[in-house]
Amino acid sequence: MFDFDKLYLEYKNFIQENSKYSPYVTKDDIKTSTKFPIIVFQQQDDKNTDESTVDRLEYYDAEYLQITINTQDSDDTTRNVIANELKNLTHIFMGLKKNMKRTACKPIPNLDTSVLRTLMTYQCYYGNVYGNIIRRWNYE
């Protein structure tokens with residue numbers, strides 16, 4: 001079974017240890033906050049599949065995760081520098097360390113123009129037998 005809480009804690013620790021901007025990382029939607037940058041780490045979907053690995057050793061489930069990076073600064077350059085660092089760290093953790101496929105990385109319009117919001121989505125297939133993340137290279 002996919003352990004979302006364990007992945008969240010690993011991600012949170014990785015970001016806080018490696019970022020010089022001390023972002024606030026949460027699983028909950030943000031309504032209002034005065035502390036920036038903020039990263040919202042959420043599980044979007046958890047689908048059971050009837051598909052198996054090529055060697056047919058195990059079946060897997062599909063997991064979809066969404067990470068929203070919120071940065072705020074009066075200066076566009078500073079805001080982008082902070083966002084880029086957090087995007088890179090997120091990709092190092094999710095893509096390179098956890099072997100997940102990034103399916104989106106795009107800015108999200110925001111009413112408050114001093115806040116830059118970036119949405120990143122990741123997908124992985126999680127094996128039911130060995131509990132490992134199986135990456136698939138084809139697009140569905």
Side-chain angles (χ1 to χ4, degrees):
M1 174 134 211
F2 185 75
D3 191 348
F4 173 75
D5 290 327
K6 179 182 173 193
L7 181 67
Y8 164 73
L9 289 175
E10 289 176 12
Y11 173 79
K12 180 179 179 177
N13 291 336
F14 178 81
I15 294 293
Q16 289 175 341
E17 289 170 5
N18 293 291
S19 175
K20 61 183 174 186
Y21 299 106
S22 304
Y24 175 68
V25 182
T26 182
K27 295 185 291 186
D28 302 319
D29 248 343
I30 305 285
K31 299 295 184 226
T32 59
S33 179
T34 57
K35 181 172 170 33
F36 281 88
I38 302 169
I39 300 175
V40 181
F41 188 91
Q42 296 175 313
Q43 184 177 23
Q44 288 303 107
D45 205 354
D46 177 12
K47 293 183 181 178
N48 293 328
T49 68
D50 292 330
E51 299 180 40
S52 68
T53 56
V54 174
D55 54 12
R56 300 195 187 281
L57 290 178
E58 67 180 322
Y59 287 87
Y60 53 84
D61 295 335
E63 301 291 336
Y64 300 90
L65 302 169
Q66 175 177 301
I67 299 165
T68 308
I69 298 169
N70 302 279
T71 58
Q72 182 181 42
D73 200 286
S74 57
D75 179 26
D76 285 346
T77 305
T78 306
R79 206 171 37 209
N80 286 328
V81 167
I82 296 168
N84 285 336
E85 180 197 84
L86 296 176
K87 286 190 299 188
N88 289 337
L89 288 173
T90 296
H91 186 64
I92 288 169
F93 181 81
M94 299 295 284
L96 302 177
K97 289 186 174 285
K98 293 300 180 181
N99 202 26
M100 295 185 183
K101 181 172 74 175
R102 185 173 69 193
T103 56
C105 181
K106 59 185 178 182
I108 301 292
N110 199 29
L111 290 176
D112 183 356
T113 57
S114 70
V115 176
L116 175 64
R117 295 180 65 211
T118 305
L119 173 70
M120 299 179 80
T121 57
Y122 284 87
Q123 158 194 344
C124 72
Y125 294 95
Y126 193 81
N128 293 330
V129 177
Y130 299 111
N132 58 334
I133 293 176
I134 304 163
R135 185 174 186 168
R136 299 235 334 217
W137 293 97
N138 63 333
Y139 294 95
E140 294 180 1

Consider only side-chain heavy atoms of I, L, V, M, F, W and Y, link residues closer than 4.5 Å, and tell whether Leu119 and Phe93 are in one cluster.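 Each belongs to a different hydrophobic cluster.
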Consider only side-chain heavy atoms of I, L, V, M, F, W and Y, link residues closer than 4.5 Å, and tell whether Ile82 and Leu116 are in one cluster. no
How many angstroms lie between atom [atom1] of [X] and atom [atom2] of [Y], to the nearest 0.5 angstrom?
{"X": "Lys27", "Y": "Lys12", "atom1": "NZ", "atom2": "NZ", "value": "9.0 Å"}
{"X": "Ile15", "Y": "Glu85", "atom1": "CD1", "atom2": "CD", "value": "8.0 Å"}
{"X": "Thr71", "Y": "Arg117", "atom1": "OG1", "atom2": "CZ", "value": "11.0 Å"}
{"X": "Glu63", "Y": "Gln123", "atom1": "CD", "atom2": "CD", "value": "10.5 Å"}
{"X": "Asn70", "Y": "Thr118", "atom1": "CG", "atom2": "OG1", "value": "8.0 Å"}

Sub-4.5 Å side-chain heavy-atom contact between [X] and [Y]:
{"X": "Leu7", "Y": "Gln43", "result": "no"}
{"X": "Phe14", "Y": "Leu89", "result": "yes"}
{"X": "Val81", "Y": "Tyr21", "result": "yes"}
{"X": "Leu86", "Y": "Ser19", "result": "yes"}
{"X": "Lys87", "Y": "Cys105", "result": "yes"}
{"X": "Arg102", "Y": "Thr90", "result": "no"}
{"X": "Tyr11", "Y": "Ile67", "result": "yes"}

With Tyr122, which residues qualify under ring pair (Phe, Tyr, Trp, His ring centres under 6.0 Å), at least two apart?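 Residues passing ring pair (Phe, Tyr, Trp, His ring centres under 6.0 Å) with Tyr122: none at all.
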Main-chain N/O of Ala104 paired to Thr121 side chain as donor or acceptor, under 3.5 Å: yes
Using 4.0 Å as the upper bound for N to carboxylate O, is an ion pair formed by Glu10 and Lys97? no
With a cut-off of under 6.0 Å to the ring centre and 45° to the axis, is Lys35 in cation-pi contact with Tyr24?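 No, Lys35 does not sit over the ring of Tyr24.
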Which heavy atom in [X] sits nearest to a heavy atom in [Y], and how many Å separate them?
{"X": "Cys124", "Y": "Met100", "result": "CB-CG, 3.6 Å"}
{"X": "Ser114", "Y": "Gln72", "result": "OG-NE2, 3.1 Å"}
{"X": "Thr78", "Y": "Asp75", "result": "OG1-OD2, 2.9 Å"}

Please lay out, stage by stage, how Tyr8 and Val25 fare under the test side chain to side chain contact (heavy atoms under 4.5 Å, CB included). CA-CA 9 Å; Tyr8 164 73; Val25 182; 3.9 Å; yes
Are Phe4 and Phe41 near enough that their ring centres are under 6.0 Å apart? yes
